[in-house]
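Encoded as structure tokens, the structure appears first; notes follow it.
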Amino acid sequence: MSMDLHSQDAIDQLQALIQKVVDKDPLLQTTFQNVHQGYVTQNLTRFLKARDWDPSKAYQMLLDCLNWRVQNQIDNILSKPILPADLYRTIRDSQLIGVSGYTREGLPVFAIGAGLSTFDKASVHYYVQSHIQINEYRDRVVLPSASKKHGRPITTCVKVLDMTGLKLSALNKIKLLTIISSIDDQNYPEKSHTYYIVNAPYVFSACWKVVKPLLQERTRRKVQVLPGCGRDELLKIMDYPSLPHFCRKEGSGSSRHLEGGNENCYSLDHPFHQQLYNYINQQARLHEVVAPIKQGSFHVEFPEPPDVDTRIAKTIESEFDGLTLNGDKEQLNNCTGRQA
């Protein structure tokens with residue numbers, strides 16, 4: 001009971017602090033509404049969790065987030081399509097992420113091809129734009145819709161990370177992934193309920209041992225490394241149709257390509273991406289009267305990665321280097337099909 005009272009007191013303090021600021025600034029007020037979507041308490045709680053329930057630190061984090069959103073026009077990012085359409089398709093083919101369905105509790109299931117994503121078809125700015133658009137669509141469309149359907153606040157999702165194909169060459173992606181991770185940590189905290197790791201090869205296991213101690217306890221508790229493709233464990237929380245395609249059977253092979261766009265939730269042809277694509281184009285047409293649509297990426301200021309993200313990136317880099325120096329590179333590349 002005391003913890004509940006303490007938590008409520010922290011929420012009340014944070015709400016009072018942030019309300020003073022947003023009431024004086026219409027831009028901050030608008031962007032704050034886009035953040036909380038009517039679920040103020042749940043979203044204040046996210047920032048408090050991220051700062052160990054310290055209202056003053058959570059207030060600074062939330063204020064920095066709101067200012068970042070205003071300065072980078074994040075509220076308008078869902079009206080900024082990535083053009084031309086062929087470029088957007090290549091981004092989808094190299095930034096493997098999608099929504100495969102929902103858990104039985106109504107949480108969206110985000111599938112992420114961590115091992116096979118290449119991020120090599122466009123500039124960093126396009127990938128950051130795409131990532132933030134998915135975040136904003138999740139927070140402004142997907143989660144509110146799920147909340148309405150279930151009659152209760154649903155403000156988090158689960159993520160299933162497929163490590164199929166993870167190789168030493170993944171080192172080339174660490175800088176971009178650190179940028180994306182920093183954007184999420186600082187501006188979209190505590191949006192993931194659980195991270196499920198599946199199809200983990202030896203190279204992941206080697207890095208996980210050294211990275212795990214660097215993570216905060218609340219983050220470590222969210223990460224579950226499942227055996228094999230994770231199908232049996234995931235079926236405890238979701239029905240079969242919601243399973244990501246790479247979890248549906250053992251030895252399913254590449255998580256990048258499967259027959260039928262509806263099966264491969266990364267594909268632009270998948271219903272989730274079609275709905276997102278159509279939504280952005282519709283929003284763009286509504287804004288076109290004010291400003292014509294221009295080709296080119298929507299530049300967003302990259303936040304400075306937190307110290308922990310920098311340490312993790314350096315640790316992974318040194319671990320990869322150590323494995324390579326030990327002459328294990330060829331062995332590791334051959335082991336990417338092995339289960340952890």
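All values reported here derive from a predicted model rather than from experimental measurement.
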To check you understand the geometry: which heavy-atom pair defines the closest contact between [X] and [Y], and what is its length?
X: Asn187; Y: Cys65; answer: OD1-CA, 3.3 Å
X: Tyr88; Y: His273; answer: OH-ND1, 4.3 Å
X: Val198; Y: Gly230; answer: CG1-CA, 4.0 Å
X: Lys222; Y: Thr194; answer: O-CG2, 3.1 Å
X: Gln133; Y: Leu78; answer: O-CD2, 3.5 Å
X: Ile74; Y: Arg140; answer: O-NH2, 3.1 Å

Are any side-chain N or O atoms of [X] and backbone N or O atoms of [Y], one a donor and one an acceptor, separated by less than 3.5 Å?
X: Arg218; Y: Ala50; answer: yes
X: Arg92; Y: Leu268; answer: no
X: Gln15; Y: Val40; answer: no
X: Asp52; Y: Asp54; answer: no

Tell me which donor-acceptor pairs under 3.5 Å the side chains of residues 100-110 have, and how far apart each pair is, sequence neighbours excluded?
| unit_1 | atom_1 | unit_2 | atom_2 | d |
| --- | --- | --- | --- | --- |
| Ser100 | OG | Ser242 | O | 2.7 |
| Thr103 | OG1 | Glu105 | N | 3.3 |
| Thr103 | OG1 | Gly106 | N | 3.4 |
| Thr103 | OG1 | Leu107 | N | 3.1 |
| Arg104 | NE | Asp239 | OD1 | 2.9 |
| Arg104 | NH1 | Leu235 | O | 3.3 |
| Arg104 | NH1 | Lys236 | O | 2.8 |
| Arg104 | NH2 | Leu235 | O | 2.7 |
| Arg104 | NH2 | Met238 | O | 3.0 |
| Arg104 | NH2 | Asp239 | OD1 | 3.2 |

State plainly whether one hydrophobic cluster holds both Tyr39 and Phe32, where clusters connect Ile, Leu, Val, Met, Phe, Trp and Tyr through side-chain heavy atoms under 4.5 angstrom apart.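 No.
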Compute the ring centroids of His245 and Tyr266, then answer whether they are less than 6.0 Å apart.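 Close enough - the centres of the two rings lie under 6.0 Å apart.
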If you draw a 6.0 Å radius around NE2 in His193, do more than 12 non-hydrogen atoms from other residues or ligands fall strictly inside?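 Atom NE2 in His193 is not packed in, count stays at 12 or less.
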Lys191 atom NZ, neighbour heavy-atom count above 12 within 6.0 Å: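 Enclosed.
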